[in-house]
Amino acid sequence: MPEGPSIVILKEELQSFKGKKVVEVSGNAKIDLQRMQNATILDFKSWGKHFLICFDGFFLRIHLLMFGTYHINETKDQAPRLHLRFEEGEFNFYTCSVKLMEGHVNDYYDWEADVMSDEWNPQKADRLLKLKSVEKVCDVLLDQQLFSGVGNIIKNEVLFRIKVHPESLVGELPAAKRKEMIKEARTYSFDFYYWKKAYELRQHWLIYKQKECPRCKIRTHHGYIGKTNRLTYFCSNCQIEYVAAVPTGKKKKISTS
DNA sequence: TATAATGTTTGAAC
DNA sequence: AGTTCAAACATTAT
């Protein structure tokens, strides 16, 4: 059940298998499992919520979706979607999407879009955000092309931190606020990462699943918001809604260009 | 026990 | 033909 930071943790947990040869492969994934037999793992990579196992000339793309799990040097009482065994140790993935991709990861992924990546490019994100002026902030934060790795929890917490109402329109945000959202998407993702590793993620939730606002103590609101229709918590007192000014009834002069 | 949840893809329907 | 949206997938905690 991962957002981007959880996949980075997964990558770290598997580091000891880097350079190791697969001696046994099985699972109910609908791919050609034999491609992995005797193949050596060159590297593990991640792009947002995608976990990538790199071999020579191809790679596996694993997405844990909502309920995916994995076990390292352990098994679960359930048939694995993908089981890889090595001379020493094994790892198993369950309830996930597994795809075998031909070629190299660099030919598929734009690392600059991954909020957890060293190559994350906030200027590029800003440039792309400006093209989404009529979208709501709660939707663009979940756009994996823009903020790869950001999931629903991060979305909720980022918007609370920057005091922006989830239904705000991107085009109505002051430029400084827009940049703050981009900056916080990464900053909060790293906080999420450290807290998750310490098994204390939940206790740091300020708005997500909270009954009252930790700042002003009023009751929070929540609902399924935006075109993404995901559960969103917010404080209507602390989070400003940036929306187009309501028409006054007077006709506005339309500029002719 | 029924429900909802850290997500994405697919294909029907418009 | 392009878009929109419900359904599908699948597991576990509350």
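None of these values were measured; they are calculated from a predicted model. Side-chain atoms are counted along with the backbone in the values below, which use heavy atoms only and exclude waters and symmetry mates. Convention: sequence-line order gives letters A, B, ...; per-chain numbering from 1.
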P atom, C:dA7 versus B:dT3: distance in rounded Å? 15 Å
Under 4.0 Å between a side-chain N/O of A:Tyr224 and OP1 or OP2 of B:dA5, yes or no? yes
Identify each donor-acceptor pair in which a side-chain atom of residues 230-237 of chain A lies under 3.5 Å from a protein atom, sequence neighbours left out, and give them as a table.
unit_1: A:Thr232; atom_1: OG1; unit_2: A:Lys155; atom_2: NZ; d: 2.9
unit_1: A:Thr232; atom_1: OG1; unit_2: A:Arg230; atom_2: O; d: 2.8
unit_1: A:Ser236; atom_1: OG; unit_2: A:His221; atom_2: NE2; d: 3.2

Hey, what's the ring geometry for A:Phe91 with A:Phe17, parallel, tilted or perpendicular (30° and 60° as the breaks)? perpendicular
Take atom P in B:dG11 and the same atom in C:dA10, then report the distance between them in whole Å. 15 Å
Check residues 48-59 of chain A and write down every donor-acceptor pair under 3.5 Å in which the side-chain atom is one partner and the other belongs to a residue at least two apart or another chain.
unit_1: A:Lys49; atom_1: NZ; unit_2: A:Val150; atom_2: O; d: 3.0
unit_1: A:His50; atom_1: ND1; unit_2: A:Tyr109; atom_2: OH; d: 2.9

If I take atom CZ in residue A:Phe67 and atom C1' in nucleotide C:dT14, what distance separates them, rounded to the nearest angstrom? 14 Å
Starting at the 5' end of DNA chain B, what dot-bracket string do you get if Watson-Crick and G-U pairs under 3.5 Å are bracketed, crossing pairs use [ ], other-strand pairs use | and unpaired bases use dots? .||||.||||||||
Six-ring centre of A:Phe160, A:Arg215 cation under 6.0 angstrom, axis tolerance 45°: yes
Could I get a table of every N or O pair under 3.5 Å where one atom is in the protein and the other is in nucleotides 8-10 of chain B?
unit_1: B:dT8; atom_1: OP1; unit_2: A:His63; atom_2: NE2; d: 3.2
unit_1: B:dT8; atom_1: OP2; unit_2: A:Lys49; atom_2: NZ; d: 3.2

Interface residues of residues 72-84 of chain A with DNA chain C (non-hydrogen, below 4.0 angstrom): A:Lys76, A:Gln78
Please state the P separation for the pair C:dA6 and B:dA4 - nearest whole angstrom. 16 Å
For residues A:Val22 and A:Asn38, determine if any side-chain heavy atom of one lies less than 4.5 Å from a side-chain heavy atom of the other. no
Do the side chain of A:Asn92 and the main chain of A:Glu74 share a donor and acceptor less than 3.5 angstrom apart? yes
Please state whether the rings of A:Phe190 and A:Tyr194 are parallel, tilted or perpendicular, taking 30° and 60° as the class boundaries. tilted
State whether A:Phe86 and A:Lys20 meet the cation-pi test: NZ (Lys) or CZ (Arg) under 6.0 Å from the six-membered ring centroid, and within 45° of the perpendicular axis. no
Other members of the hydrophobic cluster containing A:Leu169, with the 4.5 Å side-chain heavy-atom rule, please. none
